Amino acid sequence: MQGHPGGKVDRVALVDVNSFYVSCERVFDPSLEGKPVVVLSNNDGCVVARSNEAKALGIDNGDPWFKLAADAKRTGLIHRSSNYELYGDLSSRVMELLGRFSYLIEVYSIDEAFVSLRGTPEDLLKVGREIKAAVAKNIGLPVCVGIAPTKTLAKFVNRVAKQNPALEGVCSWDTLPPDHAETIMSRVPVTGIWGIAGRLGKKLNAMGIFTIADLKAADPVAMRKKFSVLMQRTIMELNGIPCIPLETEIATKQQLIFSRSFSTPVTTASRMHEVMAIYAQQAAIRLAKDHQQAKIMSCFAGTSYFNEKFSSFPSATVNLAAPTADPVLLTKAAVGALEHSIVDGIPYARAGVMLTDLSPAGAAPQLPVFATAHEEKHIGALLGDVMDRFGVSSIGLGRAGMAEAPDWGMKRKAMSPRYTTEWDELPLVKAS
DNA sequence: GGGACATAG
DNA sequence: GATTCTATGTCCC
């Protein structure tokens, strides 16, 4: 089926943008090239992306910005707030471009895709290089490409490409000398493999499995009994047996969460009422965009995990009378849910609204007795359209329609312009 | 069915 | 003084 010398083989390429958020910032601000740059999470809380130069300074993902800020002047570290409008738009452009190389692609995350390819190993290496060149030329982003018989091995050789400059960003399992592959596998800790993180790493170490090579040599059936079927699949995929299929269909969501930390704690039931109204409407907008409706809503709030004085995690679940995407109903439900469990004086650091038991909008037509006038008018989609065009504070129902931004709202003090999605923020090109 | 746990990006 | 957000899968009761 595979592996005839000189013949065609079925392979999967993992294409991954290097330091995606930072690279997006660099597309429109080339002065960031060669410098240590980090992009921060919502509320400018912690680091979520780092340039290589920032990694060299010893900065880790998850490092809180308030600890780095003090040193930033001295180290030359540059920071940006998250600009998801920009990253989302550049991501779609990358995915569209990758779709030209194969009609079987799995968009795995905002900056990664698995691309199914067929050809001789030599040809596929060329295709990998073409992909890298095309993304650089058309979008201005740097990618690495790993090509292998399984998704797990594609992830592995992608990592090899990232760490070995001599490979110029592209690595194929088939053309990598076997002794070279074995050497790397016997040196990289087992947590370097896709699906194995800290907890599993510790348990594996306790059994004498320290490297990827150790795991590859383990008995998949015995390991399934000790761990789970996921572990068995990982081991088989390390041995070149595909068992994690390419998911080319965009999966319909099973749940939808809108949750945010506050820039300033919310300490009163009245303010929490506003929060719940706004979050429920944001959730309703996403539901409408996904053409789905929800049957169950859970609302939750919580104090900071770092707060040693207060620890409170109220939550409540509401069974909606019928599946709905109506922001009016969802807002009422959310506001009512936590009404009696928020205690004035407790500093809540975050809150959220979760919608579950999702179904396609209109799949089970409602009995007229349940339908409300606003539901038929598709208020959710309307709210979303207005917010897309005029901003999230331009419209809102009830207490979400406040004229002023709330003091607990998100902090994004260092955000670059939304160059590609806002007419007012287009980049200016000067020719002289 | 639901909670705990683990993982990913 | 300050530490993101979203989604999924498996196990086990």
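The sequence lines fix the lettering, A, B, ..., with proteins before strands; numbering per chain opens at 1. All figures in this text were calculated on a predicted structure; none of them were measured in a lab.
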Under a 3.5 Å distance rule, please check whether A:Arg286 uses its side chain to pair with a backbone N or O of A:Ile257 as donor and acceptor. yes

With a cut-off of less than 4.0 Å, is there a side-chain N or O of A:Ser259 near OP1 or OP2 of C:dT6? yes

How many Å lie between CG on A:Asn43 and P on C:dC5, as a whole number? 6 Å

Euclidean distance, atom CG of residue A:Leu358 to atom C1' of C:dA7 [Å, nearest integer]: 12 Å

Over all strands shown, is A:Lys253 touching base, sugar-phosphate only, or nothing at heavy-atom distances under 4.0 angstrom? sugar-phosphate

A:Ile110 near the nucleic acid: base, sugar-phosphate alone, or nothing, with a heavy-atom cut-off under 4.0 Å? nothing

When you compare the side chains of A:Glu25 and A:Ser416, does any donor N or O come within less than 3.5 Å of an acceptor on the partner? yes

If you measure from the ring centre of A:Phe306 to the centre of the six-membered ring in the base of C:dT3, is it under 5.5 Å, with the planes under 30° apart? yes

Quick one: list whatever passes salt bridge (Lys or Arg N to Asp or Glu O under 4.0 Å) with A:Arg418, sequence neighbours left out. A:Glu425

Students often get this wrong, so: under 4.0 angstrom with heavy atoms, is A:Asp111 touching a base, only sugar-phosphate, or nothing? sugar-phosphate

Please determine, for the side chain of A:Ile257, which listed nucleotide (B:dG9, C:dT4, C:dA7) has the closest atom? C:dA7

Would you mind reading off the distance between A:Phe300 atom CZ and B:dG3 atom C1', rounded to a whole angstrom? 15 Å

Between C:dT4, B:dT7, B:dG9, which nucleotide has the shortest distance from any of its atoms to the side chain of A:Ser41? C:dT4

Nearest to the A:Leu230 side chain among B:dT7, C:dT10, B:dG9, which nucleotide is it? C:dT10

Are the charged groups of A:Arg187 and A:Glu182 less than 4.0 angstrom apart, N to O? no

Nearest-angstrom distance from the residue atom CG of A:Asn158 to P of B:dG9: 10 Å

Of the candidates C:dT3, C:dT10, C:dT8, the side chain of A:Gln254 sits closest to C:dT8

From the set C:dC5, C:dT4, B:dG9, return the single nucleotide nearest to any side-chain atom of A:Lys155. B:dG9

Once you apply a heavy-atom cut-off of 4.0 Å, does A:Gln255 come out as touching a base, just sugar-phosphate, or nothing? base

Without decimals, in angstroms, what is the distance between A:Gln232 CD and B:dA6 P? 20 Å

If each of A:Ser304 and A:Asp290 is mapped to the nucleotide of DNA chain C with the nearest heavy atom, which maps nearer the 5' terminus, i.e. the 5' end? A:Ser304

Give A:Trp194 one of three labels, base, sugar-phosphate or nothing, depending on what nucleic acid heavy atoms sit under 4.0 Å from its own. sugar-phosphate

Could you check whether A:Arg286 gets within reach of a base, just the sugar-phosphate, or nothing at all, counting any heavy atom under 4.0 Å? sugar-phosphate

Using a heavy-atom cut-off of under 4.0 Å over every strand shown, decide if A:Ile196 touches base, sugar-phosphate, or nothing. sugar-phosphate

Using a cut-off of strictly less than 4.0 Å, decide whether A:Ser261 has a side-chain nitrogen or oxygen near OP1 or OP2 of C:dC5. yes

When rounded to whole Å, the CZ to P distance for the pair A:Arg199 and B:dT7 reads 7 Å

Contact under 4.0 Å: A:Arg350 side-chain N or O vs C:dT6 OP1/OP2: no

Is it the case that the side chain of A:Gln232 and the backbone of A:Met223 share a donor-acceptor pair, with hydrogens and angles ignored and the cut-off at 3.5 Å? no

Indicate whether any N or O donor in one side chain lies under 3.5 Å from an N or O acceptor in the other, for A:Ser263 and A:Asn43. no

Between A:Ala251 and A:Pro64, who's closer to the 5' end of DNA chain C by nearest nucleotide? A:Pro64

Taking the side chain of A:Lys67 as heavy atoms from C-beta outward, which of C:dT10, C:dT3, B:dT7 is closest to it? C:dT3

What is the nucleic acid contact for A:Arg412, judged by heavy atoms within less than 4.0 Å: base, sugar-phosphate only, or nothing? nothing

Do A:Thr211 and A:Ser186 have side-chain atoms, one donor and one acceptor, less than 3.5 Å apart? no

Given B:dG9, C:dT6, B:dA8, identify the nucleotide with an atom nearest to the side chain of A:Arg260. C:dT6

Rounded to the Å, how far apart are A:Phe258 CZ and C:dT6 C1'? 11 Å

Using the side-chain heavy atoms of A:Lys203, tell me which of these nucleotides is nearest: B:dA8, C:dT10, B:dA6. B:dA6

Touch check for A:Tyr108, heavy atoms < 4.0 angstrom, all strands: base, sugar-phosphate only, or nothing? sugar-phosphate

To the nearest Å, give me how far apart NZ (A:Lys413) and C1' (C:dT4) are. 18 Å

